[in-house]
There are 2 protein chains.
Amino acid sequence: MAIDNPNRVDERVRRSKQAVMAATFGLLTEAGLGGVSVDEVSRRSGVAKTTIYRHWPTRAALLLDACSQLTARPEAPDTGSVAGDLAALAESIADRLTGRWSSVLPSVIDAAERDPELAALHARLHDEMMAAFHEVVGRAQAKGELPKDVAASDLIGAIMGPLFYRRWFSREPLTREAARTIADRALRGL
Amino acid sequence: MAIDNPNRVDERVRRSKQAVMAATFGLLTEAGLGGVSVDEVSRRSGVAKTTIYRHWPTRAALLLDACSQLTARPEAPDTGSVAGDLAALAESIADRLTGRWSSVLPSVIDAAERDPELAALHARLHDEMMAAFHEVVGRAQAKGELPKDVAASDLIGAIMGPLFYRRWFSREPLTREAARTIADRALRGL
DNA sequence: CAATAACGATACGATACCGTATCGTATATC
DNA sequence: GATATACGATACGGTATCGTATCGTTATTG
């Protein structure tokens, strides 16, 4: 038989999957979720459509898999003060929102509005993104730097919200400076 | 000839257009921009596809027209204080974000990410939505209730952002009470 | 080197769309 | 009531898509 060690993966499979994923990501950022077709992924990746369907049972599975790997959870900074930590986090989020991947997000949100599977994915990505915030806020509350009765989610919303707003509504430049100001005001608003 | 007075519109045309628009709106809220097909609109409205194409040259035109009529610009409240005005505005926005139409917005944002025509539409809708805010802020600044050096757009973002965030990210209930709190904190953050 | 598994190319059936064309029918206007 | 106009039904051509089937070719593994 070909495979004795089940941990060993065929190099051909690895390459195919990787090429397909790369092409899918590219299409995703360019055309959004709705703009990804298996045929086009096949063309771009140079991987035969047949082969794609060998690894993903359906288009939805491919998209879901691709989106799942968008994970880029920010690490919780530790500058010594809540204000510093939150500013740093806001900067890091701002970076993400100016990056290439950010254009996929509206797509996901739109789809999540109706597709429960994508809604779950969106929730998961959101949770991962928020983990650092919760860590920072929890630490500050433990140190007495923040009152224990403020809901972390409110503070997070007061920072994330304006960032998103700038990116998708007012369309003002999303600089790191702007991010710091937003974090600062959110903290003062409590 | 049939029409001497150019202001008089054929009743048949009026009815057709109205039925098509109604069906389009329904589909929009259910399926988003991408889910609206002319054939389905025809089925739902009972208006022949041929007739639809008599009034709208293309699918895109139909969608654009439908979205244009989403306009529901809030009126600027006048409670006597900025705090009251902003809270009232926040409530009014929250109402909108819990209504049926809100599910169309992600669709529009997603499309605007790539389609310049929809981007323009989105910008226009946004401007209309913001008019009341600018009025309130301008009034407050004239009265000296707000410092003149705060950018209105920052304040608006500090209110709208968290509202949007609740609706599409944290998915916490978007109550009027929550809206008031958000407005309040935004004001304090300045 | 032989067997096994993955791959590519191609074709296919089934849908769902868009937008146009034709033509007979109903209806508003004069 | 006559005429112009809008409408509905139907069919069509063209394209894009999904997902499957077939089969010869290539690469990996033992």
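Protein chains get the first letters and strands the later ones, always in sequence-line order, with residue 1 at the start of each.
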Phosphate-side-chain proximity, A:Thr58 and D:dC18, N/O vs OP1/OP2 below 4.0 Å: no

B:Ala19 backbone acceptor or donor facing B:Ser45 side chain under 3.5 Å: no

Ion pair B:Asp154/A:Arg166, N-O distance below 4.0 Å: yes

Distance test, side-chain N/O of A:Ser16 to OP1/OP2 of C:dC7, below 4.0 Å: yes

Nearest-Å distance for atom pair CZ/P, residues A:Arg44 and C:dG8: 18 Å

Cationic N near anionic O, under 4.0 Å, B:Glu113 to A:Arg167: yes

Pair B:Arg100 + B:Glu30, salt bridge at N-O below 4.0 Å: no

Short N-O contact, A:Arg180 and A:Asp184, less than 4.0 angstrom: no

Whole-Å distance separating the CG atom of A:Asp39 from the P atom of C:dC12: 16 Å

Proximity to the side chain of B:Val13 - top-ranked nucleotide from D:dC18, D:dA6, C:dC7: D:dA6

Main-chain N/O of A:Ala88 paired with A:Ser92 side-chain donor or acceptor, under 3.5 Å: no

Euclidean distance, atom CZ of residue B:Arg59 to atom C1' of C:dG19 [Å, nearest integer]: 13 Å

Value in whole Å for how far the P atom of D:dT26 lies from CG of A:Asp10: 17 Å

B:Thr71 side chain to B:Ser68 backbone, donor-acceptor under 3.5 Å: yes

Terminal axis angle for the helix from C:dC1-D:dG30 to C:dC30-D:dG1, five pairs an end, nearest 10 degrees: 30°

Sugar-phosphate, base or nothing in reach of B:Gly34, heavy atoms under 4.0 Å: nothing

Do any N or O atoms of the protein come closer than 3.5 Å to N or O atoms of nucleotides 11-14 of chain D, and which pairs are they?
none

OP1 or OP2 of D:dA6 under 4.0 Å from side-chain N/O of B:His55: no

Sugar-phosphate only, base, or nothing, as touched by A:Gly35 at under 4.0 Å among non-hydrogen atoms: nothing

Given D:dG8, C:dC18, C:dC7, the nucleotide with the shortest approach to the side chain of B:Ala48: D:dG8

Side-chain N,O (A:Arg15) to OP1/OP2 (D:dT28) below 4.0 Å: yes

Check: A:Glu172/A:Ser170 side-chain N/O donor and acceptor closer than 3.5 Å: yes

Euclidean distance, atom CH2 of residue A:Trp56 to atom C1' of D:dG19 [Å, nearest integer]: 16 Å

Ring pair (Phe, Tyr, Trp, His ring centres under 6.0 Å) between B:Phe164 and B:Phe169, worked out: CA-CA 8 Å; B:Phe164 288 136; B:Phe169 289 86; over 10 Å; no

Donor-acceptor pair (no angle test) under 3.5 Å: A:Arg12 side chain, C:dG8 base: no

Among C:dC18, C:dA28, D:dC23, the one nearest B:Ser37 by side-chain distance: C:dC18

Length of the CD1-P vector between B:Ile52 and C:dC18, whole Å: 10 Å

Euclidean distance, atom CD of residue B:Glu11 to atom C1' of D:dA6 [Å, nearest integer]: 13 Å

Phosphate OP1/OP2 of C:dG8: any A:Thr51 side-chain N/O under 4.0 Å: yes

For the student: nearest non-hydrogen atoms of B:Ala112 and A:Arg171, plus distance: CB-NH2, 4.0 Å

Spacing between A:Lys17 atom NZ and C:dC7 atom C1', to the nearest angstrom: 15 Å

